[in-house]
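Take a look at the structure set out below.
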Amino acid sequence: MGKNRNYWYMNYYQDSNQPKLDNDKSDIRIFNNEREAKASFGSSGFRCSTCKGISTDPYDCNSGIKNSNGKVCNWKSYGLLTGVGSYIFLKNKMIINFIFTPIAWEK
């Protein structure tokens with residue numbers, strides 16, 4: 001049994017814990033640990049998939065941009081309707097996170 005898995009393998013490897021990385025609208029990056037991932041993000045922020053503004057948080061939009069209803073965007077990278085973003089896989093923790101795409105990664 002792996003050092004990170006302490007319960008039945010069928011539950012550990014279900015899609016909610018290990019989602020399929022086959023989304024053609026998302027970037028997928030693999031890192032050894034969080035330190036490597038954060039170093040690749042740079043300091044320019046993250047592109048919100050809804051308002052297209054720049055957020056300082058990879059999960060919660062805090063760009064301050066208002067939508068057509070006059071409400072400030074507070075979109076989340078996680079949840080049911082995630083939109084476009086990036087997957088990061090951390091080898092040391094064997095976890096996958098879906099985040100807003102770092103500006104440093106934009107092509």
Side-chain angles (χ1 to χ4, degrees):
M1 180 180 320
K3 64 181 178 181
N4 293 320
R5 180 172 58 89
N6 57 8
Y7 51 95
W8 191 45
Y9 78 95
M10 290 295 284
N11 285 345
Y12 184 77
Y13 293 108
Q14 64 184 317
D15 285 350
S16 64
N17 290 332
Q18 307 290 327
K20 294 176 184 168
L21 299 176
D22 60 359
N23 186 345
D24 60 349
K25 296 188 292 184
S26 297
D27 190 14
I28 301 168
R29 307 271 177 126
I30 300 170
F31 300 97
N32 288 317
N33 53 48
E34 288 178 21
R35 184 180 39 78
E36 283 184 9
K38 287 180 180 180
S40 78
F41 297 163
S43 60
S44 300
F46 304 86
R47 179 78 60 200
C48 175
S49 57
T50 301
C51 72
K52 307 301 182 210
I54 298 174
S55 174
T56 59
D57 189 294
Y59 302 101
D60 300 310
C61 181
N62 60 12
S63 68
I65 294 177
K66 293 182 180 180
N67 63 20
S68 59
N69 296 334
K71 292 184 179 181
V72 175
C73 182
N74 65 351
W75 196 253
K76 312 293 185 225
S77 66
Y78 52 88
L80 207 57
L81 305 170
T82 57
V84 178
S86 298
Y87 287 101
I88 57 170
F89 178 77
L90 302 176
K91 288 181 180 181
N92 68 326
K93 294 187 176 181
M94 295 296 290
I95 60 169
I96 299 166
N97 281 316
F98 188 73
I99 63 171
F100 295 134
T101 301
I103 302 298
W105 296 2
E106 291 184 346
K107 297 171 183 152

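Excluded from the calculations below are hydrogen atoms, water molecules and symmetry mates; all remaining heavy atoms, backbone and side chain alike, are included. Along the sequence shown, residues are numbered consecutively beginning with 1.
- Of all non-hydrogen atoms in Cys61 and Ser55, the two that sit nearest each other are CA-OG, 3.6 Å.
- Scanning all heavy atoms of the two residues, the minimum distance from Gly85 to Thr101 falls at C-OG1, 3.3 Å.
- Taken together through direct or relayed side-chain contacts under 4.5 Å among Ile, Leu, Val, Met, Phe, Trp and Tyr, Phe31 and Ile99 form part of one hydrophobic cluster.
- For the ring-ring contact (aromatic ring centres under 6.0 Å, His included) condition, the pairs that include at least one residue of residues 42-69, sequence neighbours left out, are Phe41-Phe46.
- Take Ser44 and apply the side-chain hydrogen bond (donor to acceptor under 3.5 Å, both in side chains) test, not counting sequence neighbours, and it matches no residue.
- Going from atom CG of Asn62 over to atom SG of Cys48 covers 9.5 Å, rounded to the nearest 0.5 Å.
- A continuous path of ILVMFWY side-chain contacts below 4.5 Å connects Ile95 to Ile88, so both sit in one hydrophobic cluster.
- When all heavy atoms are compared, the tightest approach of Ser77 to Pro58 is OG-O, 3.4 Å.
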Stepwise side chain to side chain contact (heavy atoms under 4.5 Å, CB included) check, Arg47 with Ile54: CA-CA 5 Å; Arg47 179 78 60 200; Ile54 298 174; 3.7 Å; yes
Derivation and outcome, side chain to side chain contact (heavy atoms under 4.5 Å, CB included), residues Tyr78 and Asp60: CA-CA 9 Å; Tyr78 52 88; Asp60 300 310; 3.1 Å; yes
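- Closest heavy-atom contact between Lys76 and Phe100: C-CZ, 3.9 Å.
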Trp75/Ser49 under side chain to side chain contact (heavy atoms under 4.5 Å, CB included): CA gap, chis, key distance, verdict: CA-CA 8 Å; Trp75 196 253; Ser49 57; 3.6 Å; yes
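- Atom NZ in Lys71 sits 15.0 Å away from atom SG in Cys51 (nearest 0.5 Å).
- Here the shortest heavy-atom pairing between Asn69 and Asn67 reads N-OD1, 2.9 Å.
- To the nearest 0.5 angstrom, Asn92 atom CG is 7.0 Å from Glu34 atom CD.
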